[in-house]
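Here the structure is a predicted model, which is why all the values come from computation and not from measurement. Values below: every heavy atom of this structure, side chains too, minus hydrogens, waters and symmetry copies.
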Amino acid sequence: MGRTTFDLDVLRTFSTGMELGNFAKAAERLGRSTSAVSAQLKKLEEQAGTPIFRKAGRRLALTDAGETMLGYARRLLELNDEAAAAVHSIELEGWVRLGLQEDFGETLLPEVLGRFARAHPKVRIEARVARNTELLERVTSGKLDLALAWSDGALTAHCERIGEVPMCWIGPAEGPLGWHAASGEPMPLASLEAPCLLRTAATKALDAAGISWRLAFLSASLGGLWAATAAGLGLTIRTPIGLPAKLRPLTPATLGLPDLPKLGLVLHRAEAELQPAAARLGELVMQSVHGALVSAH
């Protein structure tokens, strides 16, 4: 039996369609007709030798094989793009200053910096993990070339909305939560110090639902917030991105908590046209974030 060699062009169409949630949008982004995209997806299933899609109402969902294929597709494309960048931009040099939220510090940052450093060893990177307000101030003043930040509606001169992430109530992975809305007791809220977009979203949702709350724990860092929540000092609100194993998202209905809105994510740039090194790093950040967003949903 001969070995199967998957077509990277087909895998890119597949990955882009899943990222956008719509293959018509993928066709538009990739500059192809919808019929050409359909033909590529058919080819992918033929190469896989098993169905990768299943019907889910009016939408297409992935089978177990499809989920596996998507994971490998992303890895193959990342390696392909890394190789292309290394070959075509071997002389890329300079200094790039990147800022991002704490949520991405332990997950996205090592992956992005590792890929970038392998492809462009002559580029020096300065990474700063900070809160939203500081990130926007620094990118606006030119102290950062790129900043990945949650969106509160504030825009900088050169920014691009990447997508939305579901916010969720979070509690310890093990042990009783110790609170329910039906108890009539104020909900113990663990939070980052103000200003905090997620803290504001939490208190607004609780107030709108008529649920009393109290600040049970305040932290200046996300690590402190994770530790307090895992210890059962209070419930908190965050996104599934970067969530430690000692914590878990909670189903609102089980505790009588209100549903939460989604949170926008934006990549801010200091200039409309960045230097080549900064532009390339921005591309890698976008790729990694899109993968994280798909997993979060």
Side-chain angles (χ1 to χ4, degrees), residues 97-109 126-171 186-231 233-244 247 249-250 252 257-270 285 289 292-293 296:
R97 300 160 301 172
L98 170 68
L100 68 169
Q101 292 277 159
E102 283 186 278
D103 306 69
F104 299 96
E106 295 183 4
T107 52
L108 180 142
L109 186 59
E126 176 186 313
R128 186 177 189 89
V129 176
R131 304 279 292 279
N132 260 58
T133 302
E134 181 180 347
L135 291 176
L136 267 61
E137 287 175 351
R138 285 183 170 272
V139 79
T140 300
S141 63
K143 295 178 181 177
L144 288 174
D145 300 302
L146 297 160
L148 181 65
W150 299 124
S151 174
D152 62 353
L155 302 177
T156 54
H158 314 293
C159 63
E160 180 177 354
R161 187 177 180 84
I162 301 175
E164 293 184 325
V165 189
M167 286 190 280
C168 55
W169 298 104
I170 293 169
M187 192 203 83
L189 179 64
S191 168
L192 291 178
E193 294 176 348
C196 174
L197 296 179
L198 289 96
R199 169 177 166 175
T200 300
T203 55
K204 280 186 176 179
L206 291 169
D207 289 342
I211 298 174
S212 61
W213 53 274
R214 62 182 177 85
L215 282 175
F217 182 85
L218 281 176
S219 175
S221 70
L222 188 58
L225 180 63
W226 290 151
T229 306
L233 298 185
L235 304 181
T236 192
I237 176 178
R238 213 65 197 173
T239 76
I241 294 176
L243 197 62
L247 300 172
L250 304 174
L257 288 168
D259 290 328
L260 296 166
K262 291 185 177 181
L263 185 63
L265 188 60
V266 176
L267 182 65
H268 301 269
R269 298 178 175 87
V285 169
V289 169
L293 292 182

Practice task
Only counting residues at least two apart or in another chain, list the ones meeting salt bridge (charged side-chain N to carboxylate O under 4.0 Å, His left out) with R131.
Solution key: none

Fill in the blank from the handout: Value for CG (L144) from CZ (R97), rounded to nearest 0.5 Å, stands at 6.5 Å

Fill in the blank from the handout: Value for CG (L235) from OG1 (T229), rounded to nearest 0.5 Å, stands at 7.5 Å

Practice task
Identify the heavy atoms of V139 and A147 that sit nearest to each other, and give their distance.
Solution key: CB-CB, 4.2 Å

Practice task
State which residues pass side chain to side chain donor-acceptor pair (under 3.5 Å) with T156; sequence neighbours excluded, sorted by chain then number.
Solution key: H268

Fill in the blank from the handout: d(L263 CG, T239 OG1) to nearest 0.5 Å is 7.5 Å

With a cut-off of 3.5 Å and sequence neighbours excluded, list every side-chain donor-acceptor pair involving residues 193-201.
residue, atom, partner, partner atom, Å
R199, NH1, L192, O, 3.4
T200, OG1, C196, O, 3.1

Practice task
Taking W169 for its side chain and A202 for its backbone only, find out whether a donor-acceptor pair lies under 3.5 Å.
Solution key: no

Fill in the blank from the handout: Between H158 and A270 the two heavy atoms that sit nearest each other are CD2-O, 3.6 Å

Problem - Nearest heavy-atom neighbours spanning G224 and F217 - result: O-CE2, 3.6 Å

Practice task
Please determine which of L100, L267, L265, I241 meets the side chain to side chain contact (heavy atoms under 4.5 Å, CB included) test together with V289.
Solution key: L265

Practice task
Using a 4.5 Å cut-off on heavy atoms from C-beta on, say whether the side chain of P252 contacts that of L260.
Solution key: no

Practice task
Apply side-chain contact (heavy atoms from CB on, under 4.5 Å) to L222 and list each qualifying residue two or more places apart in sequence or on a separate chain.
Solution key: E102, D103, L225, W226, R238

Handout entry: Between CG on residue L136 and OG on residue S141, distance to nearest 0.5 Å
Key = 10.5 Å

Problem - Stepwise side chain to side chain contact (heavy atoms under 4.5 Å, CB included) test for M167 and W150 - result: CA-CA 11 Å; M167 286 190 280; W150 299 124; over 6 Å; no

Handout entry: Atom pair CD1/CD1 of I170 and I237 - distance to nearest 0.5 Å
Key = 8.0 Å

Handout entry: Rounded distance [0.5 Å steps], CG in D145 versus CZ in R269
Key = 11.5 Å

Table please: side-chain donor-acceptor pairs of residues 206-214 below 3.5 Å, with sequence neighbours left out.
residue, atom, partner, partner atom, Å
D207, OD1, W213, NE1, 2.9

Exercise for the section: Kindly write out the residues that satisfy salt bridge (charged side-chain N to carboxylate O under 4.0 Å, His left out) with E134, not counting sequence neighbours, or none if the list is empty. Expected result: R128, R138

Problem - T236 side-chain N/O to A190 backbone N/O, donor-acceptor pair under 3.5 Å - result: yes

